[in-house]
Structure formats: C-alpha cells, structure tokens
Amino acid sequence: MITVTPRHPALGAEIRGVDMHRPMDEATRKAVHDAWMKYLVVVFPDQRISDQEHVAFTRHFGDPEIFHQTSLHLRSDRVREIFLVSNVDEDGKLLKPSEPGQKQLSSARQWHTDSSYRPMPSMGSLLHGIEISRTGGLTQFINMYKVYDELPESLRRQVEGRKARHDFGMLHRLVGNPPPSAAEQAAMPPVWHPMVRRHPVTGRPSLYISSIYNDQVEGLGDDAAHRLIEELSEFAAQPKYMYRHVWEPHDVLMWDNRCTVHAVTPHDPTERRVMHRTTIVGSEPVVAG
Ligand code: OGA
Ligand code: MN
C-alpha cells in the first residue's frame, strides 16, 4: 500500500511506501501512475538509489530517452540514460557557470517542458536530488490544465487551433553558446506542435508551450511570437497554479511533461548541486485539444 499526500492545492503530492531498490508489483505501479495522473508531480522522499535503480524504476512507465547531444557532457558517460543536471562533473570537479554545459543548463531557469523539441515529446521526467542546494535551486512546477481552463479570453483566442515551433537550436542563442555543428542541428530539426494539447491518458486539454524552445508561432513575426510566449508564461506563473519544490537529499521527483512546465530558481554557483535525471520517451505525437 502506498500513501499519497497532496503538497499544494494545484499540483504535487508526496508518495510514501515505494522502495525504488526493488521492482514494483503491478498494483503498486498502477497506484503510482494514478497518483501521477491526478497530481502531475509526485515526490518520493528518501530514495538512496543508484543510477541503475533510477533507470530501472523509470522503465516501469516507459522507455528512457537517450539525450541526443554529447558535446557538452550533460549526458552521463557511465549510464547513458542519465542526464546530468549538475554543476559538478562525473569526476567530482565543480564547474564554472561560464562553462558551455552550465550555460545551457541555466536555460532551465525559464519555464519549459522537457524534450518538447522532439517530434514525439517526452511523457515525463524523474529527477533524483543527490547533492541539493540550500541557497536556492528550488524546482517550480505549473499545472497547465488549470492555466488553460482559466486563460483569459484574449489569450485563449490566440492559442486555440494554433501551432508553435519548438527548436533545440534556440538554446545556444538564448544562453550565448557557440552554435552546434551542422550534424547536431540536422539530428534535431525544429518541430511544430499544437499550443493546446489533449492529454492521452486524462483526455484533458492543457496549454503546451516551452519558452526556451519556442522560437516561432504560426502566423506571427518573431517579435510577436516571443511576446505571446512571454505573456502566456507570465499568466501561467501565478502562485495559485504553482508547486515549488524545496529539495531534501534523495528526493526523487516524477513529473508529467505533457501538462506541466517547470523552472529552477538560481542558487550560489559555488555550492555543489548534483541531480540526475531520466526522461521518459513520449508514447504519441502531440494531439490538439
Ligand atoms: C530538469 C530541469 C530542474 C532543476 O531537470 O529538467 O529543468 O531543478 N531542471 O535543475
Ligand atoms: Mn527541465
């Protein structure tokens, strides 16, 4: 039996009674999945797992994504399903904020949903806090079902039936890194997704935007597109729609990338922060809601 305790009225719940060192039986898996669909972000406190156990737990929900970019060393060399959300390299060395991988990670301070630049974007992500920050580094999540439900009419009219472009190549421009190689760019061409998507499990519509990847919106010039994404993100980022996760060591967070966005708050870069993430491959393309 698991226990599920909500952490915020909008989204987020804590799950006790799961041990990630062991495989889950089907009844437990289903109970966790139901809670995940209901609360969108679930927290499993006190899971001192290895990367292998992290990947094995992820596989209960789908296939782990292998990050396509290798040049900035954000993908683990040891366990290829692990994405390193860390300011420490795999040899334990603290990295400078000016280092290109760190600059790219800093984009996560803006609202986004993971891997939205893929033709089949990610279903969800699992983030394991190994060394957590005490000076900041909160991970904040927004319930995009609620945001869509309560979107002012003027904004609703601008997103219904419309698509936005998601381009991984936007990241380097955003953070001032050198452009990726032609081969890297060709491996992940921009994609267009509906701005309102229907969730494949719950059937509910939500606003689907990702401000670090959205560089174009159908029928708008670049500036107008940028302003619309900003305005939508600003409306979304209200405390009533937001769960702010304050990390404890060995929390594992699992969130739904199809109906939430997230952003991390800044922290002192001289403080070590080591977080390992798996990302679950999407099971279907984005369907308009
Ligand atoms: C992520 C991310 C959040 C964080 O892991 O996908 O955006 O807390 N980072 O660093
Ligand atoms: Mn992210």
Side-chain angles (χ1 to χ4, degrees), residues 7 11-12 40-45 47 51 54-55 57-58 61 64-69 72-76 79 81-89 94-95 97 99 101-118 121-142 144 166-168 170-171 174-175 188 208-214 233 236-237 242-269 271-282:
R7 285 210 172 175
L11 76 168
L40 322 189
V41 179
V42 288
V43 184
F44 302 91
Q47 303 284 346
D51 288 339
H54 184 162
V55 173
F57 185 79
T58 302
F61 302 97
E65 183 180 299
I66 312 290
F67 188 47
H68 68 287
Q69 183 196 43
L72 299 184
H73 304 285
L74 296 174
R75 187 172 105 191
S76 166
V79 178
E81 294 89 348
I82 295 286
F83 178 83
L84 304 166
V85 188
S86 299
N87 63 1
V88 175
D89 72 14
L94 186 72
L95 298 161
E99 197 265 339
Q102 294 301 298
K103 282 166 75 178
Q104 186 165 306
L105 282 183
S106 74
S107 65
R109 292 179 203 154
Q110 296 181 47
W111 297 107
H112 68 281
T113 178
D114 296 333
S115 300
S116 66
Y117 52 80
R118 288 179 172 263
S122 159
M123 171 191 306
S125 301
L126 292 96
L127 187 60
H128 174 204
I130 299 169
E131 293 182 50
I132 57 111
S133 166
R134 295 286 184 197
T135 64
L138 276 69
T139 313
Q140 312 178 111
F141 295 88
I142 293 176
M144 296 299 265
H166 299 242
D167 184 6
F168 182 76
M170 184 171 160
L171 273 188
L174 203 65
V175 303
M188 201 54 77
Y208 190 66
I209 56 171
S210 202
S211 76
I212 62 175
Y213 303 122
N214 286 141
S233 300
M242 193 188 303
Y243 169 62
R244 309 181 78 217
H245 184 68
V246 180
W247 288 88
E248 288 298 330
H250 298 290
D251 281 342
V252 174
L253 247 67
M254 176 162 85
W255 63 83
D256 191 327
N257 279 316
R258 301 165 293 191
C259 54
T260 65
V261 291
H262 59 276
V264 63
T265 65
H267 67 101
D268 174 356
E271 180 187 42
R272 292 165 63 96
R273 186 172 188 263
V274 179
M275 323 278 276
H276 287 186
R277 193 185 84 197
T278 53
T279 316
I280 312 170
V281 172

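All ligand and atom numbering here is 1-based and tracks the order in the structure.
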| Side chain, backbone, both or neither: the part of Phe141 lying under 4.0 Å from ligand 1 by heavy atom |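 Neither part.
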| request: Could you see which bit of Arg273 sits under 4.0 Å from ligand 1, with heavy atoms only: side chain, backbone, both or neither? | output: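 The answer is the side chain of Arg273.
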Let me confirm one number: the [atom1]-[atom2] distance from [X] to [Y], rounded to the nearest 0.5 Å.
X      : Y      : atom1 : atom2 : value
Leu84  : Phe67  : CG    : CZ    : 10.5 Å
Met242 : Phe141 : CE    : CZ    : 11.5 Å
Met123 : Phe61  : CE    : CZ    : 10.0 Å
Asn87  : Glu99  : CG    : CD    : 10.5 Å

| request: Just jot down the ligand 1 atoms closer than 4.0 angstrom to any heavy atom of His262, in number order. | output: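 It comes down to these atoms of ligand 1: 1 (C), 2 (C), 6 (O), 7 (O).
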| Subset of ligand 1 atoms that lie under 4.0 Å from at least one heavy atom of His112 |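 Going through ligand 1 atom by atom, the ones under 4.0 Å from His112 are 7 (O).
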| For atom 6 (O) of ligand 1, closest protein heavy-atom neighbour |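 Nearest protein contact, heavy atoms only, for atom 6 (O) of ligand 1 is Arg277 NH1, 2.6 Å.
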| task | Provide, to 0.1 Å, the distance between atom 9 (N) of ligand 1 and the closest protein heavy atom, together with that atom's residue and name. | result |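 Ranking protein heavy atoms by distance from atom 9 (N) of ligand 1, first comes Val85 CG1, 3.9 Å.
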| query | With a cut-off of 2.8 Å, which protein N/O/S atoms are close to the Mn ion (ligand 2), if we only count those under it? | reply |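 Protein N, O or S atoms closer than 2.8 Å to the Mn ion (ligand 2): His112 NE2, Asp114 OD1, His262 NE2.
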Parallel, tilted or perpendicular, as decided by the 30° and 60° cut-offs, for the rings of [Y] and [X]:
X      : Y      : value
Phe168 : His68  : perpendicular
His245 : Trp247 : perpendicular
His112 : Tyr213 : perpendicular

| task | Verify whether one side chain among His276 and Asp51 offers a donor that lies under 3.5 Å from an acceptor in the other. | result |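 His276 vs Asp51: donor-acceptor pair found between side chains.
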| task | Test Asp114 against Glu65 for side chain to side chain contact (heavy atoms under 4.5 Å, CB included), laying out the working first. | result | CA-CA 11 Å; Asp114 296 333; Glu65 183 180 299; over 6 Å; no
| query | Is Glu81 salt-bridged to Arg277, going by a charged N under 4.0 Å from an acidic O? | reply |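 Result for this pair is no, no salt bridge flagged.
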| query | With a 4.0 Å cut-off on heavy atoms, is His245 touching ligand 1? | reply |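 No, His245 has no heavy atom closer than 4.0 Å to ligand 1.
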| query | So is there a nitrogen or oxygen of Asp114 less than 3.5 Å from a nitrogen or oxygen in ligand 1? | reply |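 Right, the criterion is met.
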| Thr139 N/O to ligand 1 N/O under 3.5 Å |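 Yes; the residue has a nitrogen or oxygen that sits under 3.5 Å from a nitrogen or oxygen of the ligand.
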